[in-house]
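The structure appears below as structure tokens.
In what follows, every chain begins at residue 1, and chains take the letters A, B, ... in the order their sequences are listed.
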Amino acid sequence: MITCESLRNLLPDYLGDELDPAEQDQVREHIASCEPCHAEVATLTATLASLRNLKVPAKPASAPVAGIPVGWPMALAVGARFSRLLAYAAMLMIGVGLGWIARSVLPDWDPKLAENNLPGMAIAGKVHPDWIEGWSGVSPSHTSPSVLARNMAAFSRSISTRASDG
Amino acid sequence: MTTVDTIFQNHQAQVYAWAYRLVQNHHDALDLTQEVYLRWWRACGATDKPRQPIPWLRRVTINLSLDFLRAGRRTPQLSLSPDTADPSETMPAERRETARDVAAALDTLSEQQRSVVIAKVYEGLTFSAIAEQMERSIPTVKTHYLRALQNLRKRLTPEDYLEGTHK
């Protein structure tokens, strides 16, 4: 007859079906007469039964072989993952291209003018003077007199330069 | 075909089975198997290559499957042909629930305990085989196994057992 201590040592093998028949009988004999050990073994056996409920259907066991591109070059296997990256790169290229075209079409930027008097239009800190013909309509109270005077001078210079170029 | 592919191909049915057992859905298990394949490729290209393929594949598959379940990404799939029919579609709701409970319970274990339980209960390996695969001693593996079952007990054992009413 084994002791409770011996049973604890044999428990993993008992629950793992790795005891020889003689040892199994010894364990069964002990738990039949020992309430705490019986409860321990019964609950752990029930836990094992719950785990074993999780089955894999026989049918799909062979299915993945055909579904996985084993043996393909890695670039092909992961092609789908890169497609999103390529889309981002394409959008970036288009954005850069549009920016370059905009800069070449709209020369003579005046960032200071935009920053000080037309914050709503100064989205990127750069506004072309031609866009803001009505800039004088902006209330002078939005800016200090000195800044206003400086911007008026800058604006006049810009207009005269463009007139002389033309 | 490279050695990397050959090793994976030899174990892919097992990888699929590990994933399927947790997610209980053919298409999701297939996606997870592909994800494991990609990770296997990357891991084999790294300087610190997996020394033992099976424990590596088991651990990564189980972790990915549990991450997948935790994120709630499982989506019902419709099969268009008998060849791609998903057996989980005809699975009783009760069994799906059991599967979710078991997966959630396994998620509470340490990685070592989880690997030992899955190798022992679902693959039927001996303690000595698991010890060799995982490069651990046999007593350590047995300890992980018993601790794992004790940890799972509260979540998976019917109440009458826990209350001591069952004889």
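R147(B) CZ: 12 or fewer foreign heavy atoms inside a 6.0 Å radius.
The contact between V117(B) and chain A is made entirely by side chain atoms (from C-beta outward), counting heavy-atom distances below 4.5 Å. Residue contact with chain A, scored on non-hydrogen atoms closer than 4.5 Å, is absent for I118(B). Using a 4.5 Å cut-off between heavy atoms, K142(B) touches chain A through backbone and side chain atoms alike. Using a 4.5 Å cut-off between heavy atoms, Q150(B) touches chain A through backbone and side chain atoms alike.
Side-chain contact, R153(B) with T43(A): a donor N or O sits under 3.5 Å from an acceptor N or O.
In this structure, the side chains of L44(A) and L146(B) come closer than 4.5 Å at one or more pairs of heavy atoms.
For the pair T47(A) (side chain) and L152(B) (backbone), a donor-acceptor distance under 3.5 Å is absent. Between the side chain of Y145(B) and the backbone N or O of L15(A), at least one donor-acceptor pair lies under 3.5 Å.
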side-chain contact (heavy atoms from CB on, under 4.5 Å) between L51(A) and L149(B): does it pass, once the steps are laid out?
-> CA-CA 10 Å; L51(A) 278 174; L149(B) 291 180; 4.0 Å; yes

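Below 4.5 Å, heavy atoms of chain A meet heavy atoms from L125(B), T126(B), F127(B), all part of residues 124-140 of chain B.
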